[in-house]
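Proteins come first, then strands; the chains are lettered A, B, ... in the order of their sequence lines, and each starts at number 1. Reckoned from all heavy atoms, side chains included, excluding hydrogens, waters and symmetry mates. No experiment lies behind these values; they were computed from the predicted model shown.
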Amino acid sequence: MIEKTINYFDISQIINSGQCFRMGKKENNTYFVIAGDKYLEISQVGKQCSFYCTEQEFKNFWEHYFDLDTEYEGYRKCINPRDAYLMNAAEFGSGIRILNQDLWEMIVSFLISQQNNIVRIRKCIQNISETYGEKKQTEDGRVYYAFPEAEALAGLEEDELKKCNLGYRSKYVVRTARSVVNGEISLSQISEMPYKKAKEELLKLFGVGEKVADCICLFALHQTAAFPVDTHINQALKRHYPKGFPKRRYKGCEGIMQQYIFYYELLGKE
DNA sequence: TGCCAGGCTGATA
DNA sequence: TATCAGCCTGGC
(Lines give C-alpha, C1' and ligand atoms only; values in the text may rest on other atoms or scores of the structure.)
Protein backbone atom coordinates (compact mmCIF):
# COMPACT_ATOMS: atom_id res chain seq x y z
CA MET A 1 0.00 0.00 0.00
CA ILE A 2 1.23 3.48 -0.90
CA GLU A 3 0.18 6.41 1.27
CA LYS A 4 0.26 9.92 -0.14
CA THR A 5 -0.83 13.39 0.85
CA ILE A 6 -2.20 14.98 -2.30
CA ASN A 7 -3.52 18.48 -2.84
CA TYR A 8 -6.41 19.05 -5.23
CA PHE A 9 -7.28 15.41 -5.69
CA ASP A 10 -10.70 13.98 -4.95
CA ILE A 11 -11.40 10.53 -6.28
CA SER A 12 -15.17 10.85 -5.93
CA GLN A 13 -15.10 14.06 -7.97
CA ILE A 14 -13.03 12.34 -10.64
CA ILE A 15 -15.55 9.49 -10.80
CA ASN A 16 -18.43 11.93 -11.19
CA SER A 17 -16.65 14.12 -13.71
CA GLY A 18 -17.63 11.58 -16.34
CA GLN A 19 -14.23 10.95 -17.89
CA CYS A 20 -13.95 7.35 -16.71
CA PHE A 21 -16.62 4.67 -16.80
CA ARG A 22 -14.82 1.90 -14.93
CA MET A 23 -14.50 3.53 -11.53
CA GLY A 24 -16.83 3.30 -8.60
CA LYS A 25 -17.37 3.47 -4.88
CA LYS A 26 -16.99 0.33 -2.81
CA GLU A 27 -17.70 1.46 0.71
CA ASN A 28 -17.35 4.59 2.86
CA ASN A 29 -14.04 6.03 1.69
CA THR A 30 -12.92 3.25 -0.61
CA TYR A 31 -13.11 3.21 -4.40
CA PHE A 32 -12.07 0.89 -7.22
CA VAL A 33 -10.60 1.68 -10.62
CA ILE A 34 -10.19 -0.60 -13.62
CA ALA A 35 -7.92 0.82 -16.32
CA GLY A 36 -7.02 -1.31 -19.31
CA ASP A 37 -6.04 -4.59 -17.67
CA LYS A 38 -5.28 -3.11 -14.24
CA TYR A 39 -7.33 -3.00 -11.07
CA LEU A 40 -6.75 -0.66 -8.13
CA GLU A 41 -8.44 0.17 -4.87
CA ILE A 42 -8.03 3.56 -3.26
CA SER A 43 -9.19 4.99 0.02
CA GLN A 44 -9.23 8.69 0.67
CA VAL A 45 -9.90 10.85 3.72
CA GLY A 46 -9.26 14.51 2.97
CA LYS A 47 -5.84 14.83 1.38
CA GLN A 48 -4.72 11.43 2.72
CA CYS A 49 -4.85 8.78 0.03
CA SER A 50 -4.01 5.09 0.21
CA PHE A 51 -3.30 3.29 -3.06
CA TYR A 52 -3.49 -0.49 -2.66
CA CYS A 53 -0.68 -1.44 -5.00
CA THR A 54 3.09 -1.83 -5.00
CA GLU A 55 5.44 1.13 -5.10
CA GLN A 56 6.57 -0.01 -8.53
CA GLU A 57 3.04 -0.18 -9.93
CA PHE A 58 2.24 3.22 -8.45
CA LYS A 59 5.34 4.80 -9.97
CA ASN A 60 5.06 3.02 -13.31
CA PHE A 61 1.36 3.46 -13.90
CA TRP A 62 -1.03 5.01 -11.41
CA GLU A 63 0.91 8.19 -10.65
CA HIS A 64 0.76 9.14 -14.30
CA TYR A 65 -2.77 7.79 -14.75
CA PHE A 66 -4.10 10.18 -12.08
CA ASP A 67 -1.89 13.01 -13.35
CA LEU A 68 -0.33 13.40 -9.93
CA ASP A 69 2.77 15.09 -11.34
CA THR A 70 0.73 18.11 -12.35
CA GLU A 71 0.12 21.06 -10.06
CA TYR A 72 -3.55 21.95 -10.55
CA GLU A 73 -3.52 25.01 -8.35
CA GLY A 74 -1.88 26.88 -11.21
CA TYR A 75 -4.87 26.26 -13.45
CA ARG A 76 -7.22 27.69 -10.89
CA LYS A 77 -5.05 30.74 -10.32
CA CYS A 78 -5.31 31.76 -13.95
CA ILE A 79 -9.12 32.03 -13.77
CA ASN A 80 -10.43 35.56 -14.23
CA PRO A 81 -11.44 36.61 -10.67
CA ARG A 82 -14.29 38.63 -12.18
CA ASP A 83 -15.74 35.45 -13.66
CA ALA A 84 -17.71 34.40 -10.59
CA TYR A 85 -19.30 31.45 -12.35
CA LEU A 86 -16.00 29.84 -13.36
CA MET A 87 -14.42 30.68 -10.00
CA ASN A 88 -17.28 28.89 -8.25
CA ALA A 89 -17.15 25.97 -10.66
CA ALA A 90 -13.40 25.52 -10.16
CA GLU A 91 -13.78 25.75 -6.40
CA PHE A 92 -16.59 23.19 -6.45
CA GLY A 93 -14.59 20.74 -8.60
CA SER A 94 -11.15 21.51 -7.22
CA GLY A 95 -10.37 17.80 -6.79
CA ILE A 96 -10.83 16.95 -10.46
CA ARG A 97 -7.83 15.81 -12.47
CA ILE A 98 -7.64 14.94 -16.14
CA LEU A 99 -6.78 11.25 -16.24
CA ASN A 100 -4.26 9.75 -18.65
CA GLN A 101 -6.35 6.89 -19.98
CA ASP A 102 -5.81 4.33 -22.68
CA LEU A 103 -6.51 5.63 -26.18
CA TRP A 104 -8.34 2.57 -27.51
CA GLU A 105 -10.46 2.29 -24.37
CA MET A 106 -11.47 5.96 -24.63
CA ILE A 107 -12.33 5.70 -28.33
CA VAL A 108 -14.75 2.87 -27.64
CA SER A 109 -16.08 4.40 -24.43
CA PHE A 110 -16.98 7.70 -26.06
CA LEU A 111 -18.42 6.01 -29.15
CA ILE A 112 -20.77 4.29 -26.72
CA SER A 113 -21.43 7.51 -24.79
CA GLN A 114 -23.31 9.25 -27.57
CA GLN A 115 -27.01 9.81 -26.96
CA ASN A 116 -26.63 7.72 -23.83
CA ASN A 117 -26.60 8.17 -20.06
CA ILE A 118 -23.78 7.39 -17.66
CA VAL A 119 -25.45 4.42 -15.98
CA ARG A 120 -26.02 2.76 -19.35
CA ILE A 121 -22.55 3.64 -20.63
CA ARG A 122 -21.02 1.91 -17.60
CA LYS A 123 -23.22 -1.13 -18.15
CA CYS A 124 -22.34 -1.32 -21.87
CA ILE A 125 -18.61 -1.16 -21.12
CA GLN A 126 -18.96 -3.77 -18.42
CA ASN A 127 -20.83 -6.00 -20.86
CA ILE A 128 -18.25 -5.82 -23.66
CA SER A 129 -15.39 -6.25 -21.16
CA GLU A 130 -16.98 -9.34 -19.64
CA THR A 131 -17.81 -10.77 -23.06
CA TYR A 132 -14.69 -9.93 -25.07
CA GLY A 133 -12.06 -8.87 -22.50
CA GLU A 134 -9.55 -11.09 -20.76
CA LYS A 135 -10.61 -12.44 -17.39
CA LYS A 136 -8.25 -11.30 -14.63
CA GLN A 137 -7.89 -11.88 -10.93
CA THR A 138 -6.32 -9.75 -8.21
CA GLU A 139 -4.00 -11.27 -5.60
CA ASP A 140 -6.87 -11.47 -3.14
CA GLY A 141 -9.03 -13.32 -5.65
CA ARG A 142 -11.21 -10.52 -6.97
CA VAL A 143 -12.29 -11.23 -10.55
CA TYR A 144 -12.42 -8.41 -13.10
CA TYR A 145 -12.18 -8.09 -16.89
CA ALA A 146 -9.62 -6.22 -18.95
CA PHE A 147 -10.90 -3.89 -21.65
CA PRO A 148 -11.15 -5.87 -24.92
CA GLU A 149 -8.42 -5.33 -27.50
CA ALA A 150 -9.34 -3.98 -30.94
CA GLU A 151 -8.55 -7.41 -32.40
CA ALA A 152 -11.22 -8.99 -30.22
CA LEU A 153 -13.91 -6.67 -31.62
CA ALA A 154 -12.77 -6.30 -35.24
CA GLY A 155 -13.91 -9.78 -36.25
CA LEU A 156 -17.48 -9.37 -35.02
CA GLU A 157 -20.54 -8.77 -37.17
CA GLU A 158 -21.62 -5.12 -37.09
CA ASP A 159 -24.72 -5.91 -35.04
CA GLU A 160 -23.00 -8.38 -32.73
CA LEU A 161 -22.42 -5.81 -29.99
CA LYS A 162 -26.13 -5.07 -29.77
CA LYS A 163 -26.15 -8.07 -27.45
CA CYS A 164 -24.05 -5.93 -25.12
CA ASN A 165 -26.75 -3.22 -25.25
CA LEU A 166 -24.79 -0.89 -27.52
CA GLY A 167 -27.73 -0.41 -29.86
CA TYR A 168 -26.95 1.46 -33.10
CA ARG A 169 -23.47 2.27 -31.70
CA SER A 170 -22.52 -1.36 -32.27
CA LYS A 171 -21.52 -0.74 -35.90
CA TYR A 172 -19.46 2.30 -34.90
CA VAL A 173 -17.36 0.22 -32.49
CA VAL A 174 -16.92 -2.74 -34.84
CA ARG A 175 -15.98 -0.63 -37.87
CA THR A 176 -13.59 1.47 -35.79
CA ALA A 177 -11.98 -1.69 -34.41
CA ARG A 178 -11.47 -2.86 -38.00
CA SER A 179 -9.89 0.48 -38.96
CA VAL A 180 -7.41 0.08 -36.12
CA VAL A 181 -6.63 -3.58 -36.80
CA ASN A 182 -6.17 -3.21 -40.55
CA GLY A 183 -3.87 -0.23 -40.06
CA GLU A 184 -6.10 2.44 -41.64
CA ILE A 185 -5.47 4.41 -38.50
CA SER A 186 -2.47 4.20 -36.17
CA LEU A 187 -3.14 4.73 -32.48
CA SER A 188 0.55 5.05 -31.69
CA GLN A 189 0.93 7.79 -34.30
CA ILE A 190 -2.14 9.63 -33.00
CA SER A 191 -0.61 9.56 -29.53
CA GLU A 192 2.34 11.56 -30.83
CA MET A 193 0.34 14.16 -32.77
CA PRO A 194 -0.51 17.69 -31.66
CA TYR A 195 -4.13 18.34 -30.72
CA LYS A 196 -5.52 19.58 -34.04
CA LYS A 197 -3.86 16.82 -36.06
CA ALA A 198 -4.90 14.09 -33.61
CA LYS A 199 -8.50 15.31 -33.69
CA GLU A 200 -8.44 15.36 -37.48
CA GLU A 201 -7.32 11.73 -37.50
CA LEU A 202 -9.92 10.66 -34.96
CA LEU A 203 -12.67 12.31 -37.00
CA LYS A 204 -11.91 9.83 -39.79
CA LEU A 205 -13.27 7.03 -37.61
CA PHE A 206 -16.85 5.95 -38.29
CA GLY A 207 -19.04 7.25 -35.48
CA VAL A 208 -16.55 9.82 -34.20
CA GLY A 209 -17.74 13.42 -34.45
CA GLU A 210 -16.58 16.71 -32.94
CA LYS A 211 -17.65 16.02 -29.37
CA VAL A 212 -16.42 12.45 -29.20
CA ALA A 213 -13.09 13.38 -30.81
CA ASP A 214 -12.55 16.14 -28.24
CA CYS A 215 -13.38 13.79 -25.36
CA ILE A 216 -10.82 11.31 -26.66
CA CYS A 217 -8.20 14.04 -27.09
CA LEU A 218 -8.77 15.30 -23.56
CA PHE A 219 -9.13 12.07 -21.61
CA ALA A 220 -6.76 9.78 -23.49
CA LEU A 221 -4.22 12.04 -25.18
CA HIS A 222 -4.19 14.63 -22.39
CA GLN A 223 -4.64 17.38 -24.95
CA THR A 224 -5.89 19.93 -22.45
CA ALA A 225 -6.66 22.39 -25.25
CA ALA A 226 -9.58 20.14 -26.25
CA PHE A 227 -12.94 21.57 -25.17
CA PRO A 228 -15.71 19.00 -25.66
CA VAL A 229 -19.12 20.63 -26.08
CA ASP A 230 -22.01 18.38 -25.14
CA THR A 231 -25.57 19.36 -24.31
CA HIS A 232 -24.70 20.33 -20.71
CA ILE A 233 -21.76 22.49 -21.73
CA ASN A 234 -23.80 23.98 -24.54
CA GLN A 235 -26.52 25.05 -22.11
CA ALA A 236 -23.95 26.47 -19.68
CA LEU A 237 -22.22 28.44 -22.43
CA LYS A 238 -25.52 29.92 -23.58
CA ARG A 239 -26.38 30.99 -20.04
CA HIS A 240 -23.01 32.22 -18.81
CA TYR A 241 -20.99 33.03 -21.93
CA PRO A 242 -23.47 34.32 -24.53
CA LYS A 243 -20.55 35.99 -26.36
CA GLY A 244 -18.56 32.74 -26.30
CA PHE A 245 -16.23 31.12 -23.80
CA PRO A 246 -12.98 33.13 -23.45
CA LYS A 247 -10.78 30.38 -24.86
CA ARG A 248 -7.93 32.79 -25.59
CA ARG A 249 -7.50 33.51 -21.90
CA TYR A 250 -7.34 29.80 -21.11
CA LYS A 251 -5.27 28.77 -24.10
CA GLY A 252 -3.86 25.31 -23.53
CA CYS A 253 -6.04 24.53 -20.52
CA GLU A 254 -9.53 24.96 -21.99
CA GLY A 255 -10.22 21.30 -21.25
CA ILE A 256 -9.54 21.76 -17.53
CA MET A 257 -12.05 24.61 -17.45
CA GLN A 258 -14.52 22.47 -19.40
CA GLN A 259 -14.29 19.81 -16.70
CA TYR A 260 -14.93 22.34 -13.91
CA ILE A 261 -17.98 23.63 -15.80
CA PHE A 262 -19.26 20.15 -16.66
CA TYR A 263 -18.99 18.89 -13.08
CA TYR A 264 -20.52 22.09 -11.69
CA GLU A 265 -23.44 21.85 -14.08
CA LEU A 266 -23.97 18.20 -13.21
CA LEU A 267 -23.67 18.31 -9.42
CA GLY A 268 -23.16 21.90 -8.34
CA LYS A 269 -26.77 22.92 -8.51
CA GLU A 270 -29.39 22.00 -5.97
C1' DT B 1 -47.20 5.86 -23.85
C1' DG B 2 -43.93 8.99 -25.12
C1' DC B 3 -39.85 11.40 -24.22
C1' DC B 4 -35.12 11.83 -23.37
C1' DA B 5 -30.09 10.91 -22.71
C1' DG B 6 -22.62 13.30 -22.46
C1' DG B 7 -24.11 12.57 -31.11
C1' DC B 8 -23.44 10.90 -35.43
C1' DT B 9 -24.51 9.54 -40.19
C1' DG B 10 -26.57 10.08 -44.42
C1' DA B 11 -30.17 11.97 -47.25
C1' DT B 12 -32.17 16.04 -48.92
C1' DA B 13 -32.72 20.72 -50.33
C1' DT C 1 -23.59 24.25 -46.53
C1' DA C 2 -27.38 23.60 -43.48
C1' DT C 3 -31.06 20.97 -41.73
C1' DC C 4 -33.18 16.96 -40.02
C1' DA C 5 -34.81 12.20 -39.58
C1' DG C 6 -33.43 7.96 -37.68
C1' DC C 7 -30.91 5.20 -34.77
C1' DC C 8 -30.94 1.44 -29.60
C1' DT C 9 -32.72 1.10 -25.15
C1' DG C 10 -33.94 1.71 -20.31
C1' DG C 11 -35.78 4.83 -16.94
C1' DC C 12 -39.06 8.13 -15.73
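- If you find the closest nucleotide of DNA chain B to Val208(A) and to Arg169(A), the one lying nearer the 5' end belongs to Arg169(A).
- Regarding contacts with the backbone of dG7(B), a side-chain N or O of Gln115(A) is found under 4.0 angstrom from either OP1 or OP2.
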Let's go through Phe92(A) and Tyr263(A) carefully: what are the C-alpha distance in whole Å and the side-chain angles of both, what is the deciding distance for ring pair (Phe, Tyr, Trp, His ring centres under 6.0 Å) to 0.1 Å, and is it a yes or a no?
CA-CA 8 Å; Phe92(A) 184 73; Tyr263(A) 182 71; 5.2 Å; yes
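- In this structure, dT1(C) and dA13(B) make a Watson-Crick or G-U wobble pair, each of the two defining distances being under 3.5 angstrom.
- Taking the centre and axis of the six-membered ring of Phe66(A), the NZ or CZ atom of Arg97(A) falls outside the cone set by 45° and 6.0 Å.
- Here Lys162(A) reaches the OP1 or OP2 of dC8(C): one of its side-chain N or O atoms lies under 4.0 Å away.
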Taking it one step at a time, do Phe110(A) and Phe219(A) satisfy ring pair (Phe, Tyr, Trp, His ring centres under 6.0 Å)?
CA-CA 10 Å; Phe110(A) 284 100; Phe219(A) 303 130; 5.6 Å; yes
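- In this structure, Asp230(A) atom CG and dC8(B) atom P are separated by 10 Å, rounded to whole Å.
- Annotation: dG6(B) and dT3(C) have their C1' atoms spaced 22 Å apart (nearest Å).
- The residue Ile118(A) sits close to a base: some heavy atom pair falls under 4.0 Å.
- The distance from atom CD of Glu158(A) to atom P of dC8(C) is 11 Å, rounded to the nearest whole Å.
- Whole-Å rounding puts the Leu166(A) CG to dT9(C) P distance at 10 Å.
- Nucleotide dG6(B) is matched to nothing when pairs are restricted to Watson-Crick or G-U wobble geometry with both distances under 3.5 angstrom.
- Rounded to the nearest Å, the gap between the P atom of dC8(C) and that of dA11(B) is 15 Å.
- Contact check on Glu57(A) versus Lys38(A) returns no salt bridge, with no Lys/Arg side-chain nitrogen under 4.0 Å from an Asp/Glu carboxylate oxygen.
- Between the side chain of Lys211(A) and the base of dG6(B), at least one donor-acceptor pair of N or O atoms lies under 3.5 Å.
- For Lys171(A), counting side-chain heavy atoms from C-beta on, the closest listed nucleotide (dG7(B), dG6(B), dC8(C)) is dC8(C).
- Ion pairing between Arg76(A) and Glu91(A) holds under the 4.0 Å rule for side-chain N and carboxylate O.
- Two rings, from Tyr264(A) and Tyr85(A), have their centers less than 6.0 Å apart.
- Summarising the geometry, the separation between CG on Leu161(A) and P on dT9(C) is reported as 12 Å, rounded to the nearest angstrom.
- The P atoms of dC3(B) and dG6(C) are separated by 13 Å, rounded to the nearest whole Å.
- The distance between atom CD of Gln114(A) and atom C1' of dC7(C), rounded to the nearest whole Å, is 10 Å.
- Side-chain proximity of Val212(A) to the nucleotides dC8(B), dA5(B), dG6(B) is greatest for dC8(B).
- Val119(A) comes within 4.0 angstrom of no nucleic acid atom, judged by non-hydrogen atoms across all strands.
- Nucleotides dG10(C) and dC8(B), compared at atom P, are 23 Å apart to the nearest Å.
- Residue Phe110(A) is in base contact, counting any heavy-atom pair closer than 4.0 Å across all strands shown.
- Between Gly18(A) and Tyr172(A), it is Gly18(A) whose nearest contact on DNA chain B lies nearer the 5' terminus.
- Atom-to-atom, CG of Leu237(A) to C1' of dG6(B) comes out at 14 Å; the value is rounded to the nearest Å.
- Going from atom CG of Asn117(A) over to atom C1' of dC8(C) covers 12 Å, rounded to whole Å.
- Residue Arg175(A) contributes atom CZ, which lies 11 Å from atom C1' of dG10(B) at whole-angstrom precision.
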